[in-house]
Visitor: 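Input: one structure, supplied below.
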Amino acid sequence: METVPTATAATAEDFSSSSSSTSPTAAISRWKYNVSRRYQHLLDKSVPHVLHRWVVCLAVVSIYAIDPEYSDGPTLPTRGSDEFRPFVRRLPEFKFWYCVTRSFCIGFVLTFFSAFDVPVFWPILLFYWLMLFTLTMRRQIMHMIKYRYVPFSLGKQRYDGKRPSSSDAMSTED
């Protein structure tokens with residue numbers, strides 16, 4: 001009995017063989033498969049080279065950050081009274097590097113096209129950002145509420161040291 005390959009499950013043999021089908025869809029899917037294989041191969045080869053990956057990422061970010069129209073950039077806190085409370089991330093370093101580099105490369109390429117230079121009314125942009133933040137951070141916020149973690153100092157208990165009780169004060173007077 002002969003088995004017939006299904007149309008939903010594409011294998012490497014389907015894409016790599018030079019079949020007689022010359023339809024544009026088959027050619028495009030074959031090209032997309034070859035490009036994705038090469039891209040994944042390059043990503044797999046870059047995994048052990050942590051320093052080189054971050055140097056490339058830093059170069060992309062520095063090229064992207066050079067903006068002649070925007071000379072006064074945002075500044076980081078420089079006072080000693082500023083508090084640093086980072087969230088503990090459970091994100092592998094490679095995935096973080098990959099997402100950062102990919103987003104900066106896409107942003108860098110999109111700056112060359114005027115179609116993506118859309119003026120936005122700032123209250124709408126702020127509302128959009130708040131909606132995205134709440135939708136993406138819902139799970140983390142629920143976790144923080146469940147374990148009573150508050151990332152700011154309002155309402156937190158303060159422990160200033162051991163306060164002497166009234167019985168300890170009486171015993172020292174004797």
Side-chain angles (χ1 to χ4, degrees), residues 3 5-19 21-80 82-118 120 125 128-152:
T3 60
T6 61
T8 58
T11 61
E13 298 167 356
D14 296 336
F15 292 115
S16 63
S17 66
S18 58
S19 61
S21 67
T22 58
S23 70
T25 341
I28 290 172
S29 61
R30 201 172 324 121
W31 178 80
K32 280 177 31 179
Y33 178 76
N34 288 335
V35 167
S36 69
R37 278 190 58 188
R38 288 182 187 147
Y39 183 66
Q40 188 62 45
H41 176 71
L42 290 174
L43 280 178
D44 292 341
K45 283 176 64 174
S46 72
V47 169
H49 306 289
V50 176
L51 180 66
H52 295 102
R53 284 189 283 121
W54 282 106
V55 166
V56 168
C57 179
L58 183 64
V60 168
V61 169
S62 63
I63 289 172
Y64 184 78
I66 298 172
D67 189 2
E69 296 175 6
Y70 188 64
S71 60
D72 296 333
T75 60
L76 294 174
T78 55
R79 294 182 298 243
D82 293 339
E83 187 173 358
F84 179 67
R85 290 185 173 181
F87 286 100
V88 177
R89 296 191 145 259
R90 293 187 180 163
L91 180 68
E93 182 269 338
F94 180 77
K95 284 186 178 181
F96 176 72
W97 167 83
Y98 180 68
C99 290
V100 167
T101 308
R102 182 178 60 180
S103 65
F104 272 101
C105 286
I106 290 171
F108 184 66
V109 168
L110 292 180
T111 58
F112 292 115
F113 302 102
S114 61
F116 297 106
D117 189 16
V118 180
V120 179
L125 187 63
Y128 177 69
W129 182 84
L130 288 173
M131 278 183 43
L132 279 179
F133 180 79
T134 12
L135 290 175
T136 56
M137 294 293 290
R138 180 180 298 160
R139 190 178 71 186
Q140 286 81 1
I141 292 171
M142 295 305 292
H143 179 80
M144 289 167 50
I145 291 170
K146 178 181 177 183
Y147 291 103
R148 297 183 184 135
Y149 173 73
V150 183
F152 44 85

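If you're wondering where the values come from, they're calculated on a predicted model, not measured in any experiment. Throughout, residue positions are numbered sequentially from 1 according to the sequence presented. The analysis underlying the following values was restricted to heavy atoms, covering all of them including side chains, and did not include hydrogens, waters or symmetry mates.
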Visitor: Please give me the minimum heavy-atom distance between Phe94 and Arg53, naming the atom from each residue.
Guide: CD1-NH1, 3.2 Å
Visitor: Measure the spacing between CG of Leu110 and SG of Cys105 and express it to the nearest 0.5 Å.
Guide: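 The CG atom of Leu110 sits 11.0 Å away from the SG atom of Cys105.
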Visitor: At what distance, to the nearest 0.5 angstrom, does OH of Tyr39 lie from CG of Asp44?
Guide: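 Output value for this atom pair is 11.0 Å.
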Visitor: Does atom OH of Tyr128 have more than 12 heavy-atom neighbours, drawn from other residues, nucleotides or ligands, at distances under 6.0 Å?
Guide: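 At most 12 heavy atoms, drawn from other residues, nucleotides or ligands, come within 6.0 Å of this atom.
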Visitor: State the OG1-CD1 distance between Thr111 and Ile106, to the nearest 0.5 angstrom.
Guide: 12.5 Å
Visitor: Does a side-chain heavy-atom distance below 4.5 Å link Leu43 with Val47?
Guide: no
Visitor: About how many Å separate OG1 of Thr25 and CZ of Arg30, when rounded to the nearest 0.5 Å?
Guide: 10.5 Å
Visitor: Show the nearest heavy-atom pair for residues Leu132 and Thr136, with the distance to one decimal.
Guide: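 So the two residues come closest at O-OG1, 2.8 Å.
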Visitor: If the condition is ring-ring contact (aromatic ring centres under 6.0 Å, His included), which residues does Phe108 pass it with, not counting sequence neighbours?
Guide: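 Applying ring-ring contact (aromatic ring centres under 6.0 Å, His included) to Phe108 gives Phe112.
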Visitor: With distance as the sole test, does Thr101 use its side chain to make a donor-acceptor pair with the main-chain N or O of Tyr98 at under 3.5 Å?
Guide: no
Visitor: Enter the distance from His52:NE2 to Cys57:SG here, rounded to the nearest 0.5 Å.
Guide: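 Answer for the NE2-SG pair, His52 versus Cys57, is 14.5 Å.
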Visitor: To the nearest 0.5 Å, tell me how far Tyr33 OH sits from Arg38 CZ.
Guide: 12.0 Å
